[in-house]
There are 2 protein chains.
Amino acid sequence: MIEADIFKALADPTRRKVFEKLAGGSLNASALRDGLEISQPAMSQHLAVLRAAGLVREQRQGRFVNYEVDPDGIVAIGAWLARYRAYWPQRMEALADLLKDMDQ
Amino acid sequence: MIEADIFKALADPTRRKVFEKLAGGSLNASALRDGLEISQPAMSQHLAVLRAAGLVREQRQGRFVNYEVDPDGIVAIGAWLARYRAYWPQRMEALADLLKDMDQ
DNA sequence: GTGATACATAAGCGTGTGCTTATGTATCGT
DNA sequence: ACGATACATAAGCACACGCTTATGTATCAC
């Protein structure tokens, strides 16, 4: 069950912050650290969890490892959420439009 | 942060099973137990977590307490997911249609 | 080659989580 | 009123989780 890893990964607040940072674009592990008061090994461990969950993927570039959001993870969450379509208050597309607007 | 409670709640496999059972319709705590090898207090605790996360809501009916999916929780997940819209492989509506088909 | 930088991994530790057993509270049947 | 049923709560315990420090590996600059 891949959902198990996904929800576990997202249960941690630091990992959610990291993931949201990556929503703005690709970043390396060091760049992901600043702003967050976290040690280098802790970040490395968090990234390993996110990667194992399929939420993030990496790309080596010399000494740096660039991380980016893995669309597969997003799809998996969407797939899970789709099972509860009967409880969506309206079409998810409409919700998405709503949320896009309140995104500042 | 309500997402914290939501993802934490869904991180547990038993709670996800309970939640998916409720996707089929309202059920009381005892009915939710069968199939799952879990004690009565454990189920009660899991339901308390799901309720606190806004994923489930209850309705007393005599001695029984009926639980059902709370659309607010679904909306909250959809709202969070909407932040990553840039990484959706296509429109979520299309994904939803796809998933509805492979839902046996 | 040598030192510095970027990141991963290992080991150990405090804390949170999910379970159990035991008990409490409320409603139903008689 | 009394026992049974449905569920919640309390306390205690084993284990998982996230952190730290220490160390390993790989790439860059010179």
Side-chain angles (χ1 to χ4, degrees), chain A residues 1-22 24-70 73, chain B residues 1-22 24-70 73:
Chain A
M1 199 73 90
I2 189 67
E3 299 148 6
D5 299 308
I6 289 180
F7 287 123
K8 266 189 172 184
L10 294 174
D12 183 75
T14 302
R15 283 194 292 263
R16 280 199 309 279
K17 285 178 191 167
V18 168
F19 193 65
E20 293 192 11
K21 272 196 167 190
L22 290 175
S26 178
L27 287 173
N28 62 56
S30 298
L32 283 167
R33 279 186 64 199
D34 46 68
L36 307 177
E37 283 179 13
I38 196 176
S39 68
Q40 177 269 316
M43 175 58 74
S44 186
Q45 288 161 13
H46 280 310
L47 288 169
V49 172
L50 288 169
R51 181 166 12 94
L55 287 165
V56 147
R57 59 188 179 193
E58 67 181 43
Q59 191 180 359
R60 265 230 164 243
Q61 211 152 7
R63 280 183 294 178
F64 300 84
V65 178
N66 275 55
Y67 286 90
E68 60 183 0
V69 171
D70 188 341
Chain B
M1 200 74 91
I2 189 67
E3 299 147 7
D5 298 308
I6 290 179
F7 288 123
K8 267 189 170 182
L10 294 175
D12 183 76
T14 302
R15 283 195 291 264
R16 280 199 309 280
K17 284 178 192 167
V18 168
F19 193 65
E20 293 192 10
K21 272 196 168 191
L22 290 175
S26 178
L27 286 173
N28 62 55
S30 298
L32 283 167
R33 278 186 65 200
D34 45 70
L36 307 178
E37 282 179 13
I38 196 176
S39 68
Q40 177 269 317
M43 174 59 73
S44 187
Q45 288 160 13
H46 280 310
L47 288 169
V49 171
L50 288 169
R51 181 166 10 95
L55 287 164
V56 147
R57 59 189 180 193
E58 66 181 43
Q59 191 180 1
R60 265 231 165 246
Q61 212 152 5
R63 281 183 294 178
F64 300 85
V65 179
N66 275 54
Y67 287 89
E68 59 183 359
V69 171
D70 188 341

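These numbers come from a predicted model, not from an experiment. A note on names: the letters A, B, ... follow the listed sequences, proteins ahead of strands, and every chain is numbered from 1. Computed over heavy atoms, backbone and side chain alike; hydrogens, waters and symmetry mates excluded.
Contact of the A/R15 side chain with the A/V56 side chain is not registered, since no non-hydrogen atoms from C-beta on lie closer than 4.5 Å. With contacts defined as side-chain heavy-atom distances shorter than 4.5 Å, the pair B/L32/B/L22 qualifies.
At least one side-chain nitrogen or oxygen of B/S39 sits closer than 4.0 Å to the OP1 or OP2 atom of C/dT20. Within the structure, every side-chain polar atom (N or O) of B/Y67 is placed at least 4.0 Å from both OP1 and OP2 of D/dA6. Residue B/R33 places no side-chain N or O under 4.0 Å from the OP1 or OP2 atom of D/dA6. Residue A/S44 places none of its side-chain N or O atoms closer than 4.0 Å to OP1 or OP2 of C/dA6. For the OP1/OP2 pair of C/dC19 and a distance below 4.0 Å, the side-chain nitrogens and oxygens of B/H46 include at least one atom meeting the criterion. The phosphate of D/dA4 (OP1 or OP2) has no side-chain N or O of B/R63 nearer than 4.0 angstrom.
Atom CZ in A/R60 sits roughly 7 Å away from atom P in C/dA8 (whole-Å rounding). In this structure, A/K8 atom NZ and D/dA16 atom P are separated by 9 Å, rounded to whole Å. Remark: C1' of C/dT5 and CG of A/N28 are 12 Å apart, rounded to the nearest angstrom. Rounded to an integer number of Å, the gap from CD of A/E37 to P of D/dG18 is 19 Å.
For A/D12, counting side-chain heavy atoms from C-beta on, the closest listed nucleotide (C/dA6, D/dG18, C/dG18) is D/dG18. The nucleotide whose nearest atom lies closest to any side-chain atom of A/R51 is, among D/dC19, C/dA22, C/dA8, C/dA8. Closest to the side chain of A/Q45, out of C/dT20, C/dA11, C/dT5, is C/dA11. If you check D/dA22, C/dT20, C/dG18 against the side chain of A/P41, the one that comes closest is D/dA22.
Each of B/G62 and A/S30 was assigned the nucleotide of DNA chain C with the nearest heavy atom; the assignment lying further toward the 5' end belongs to A/S30.
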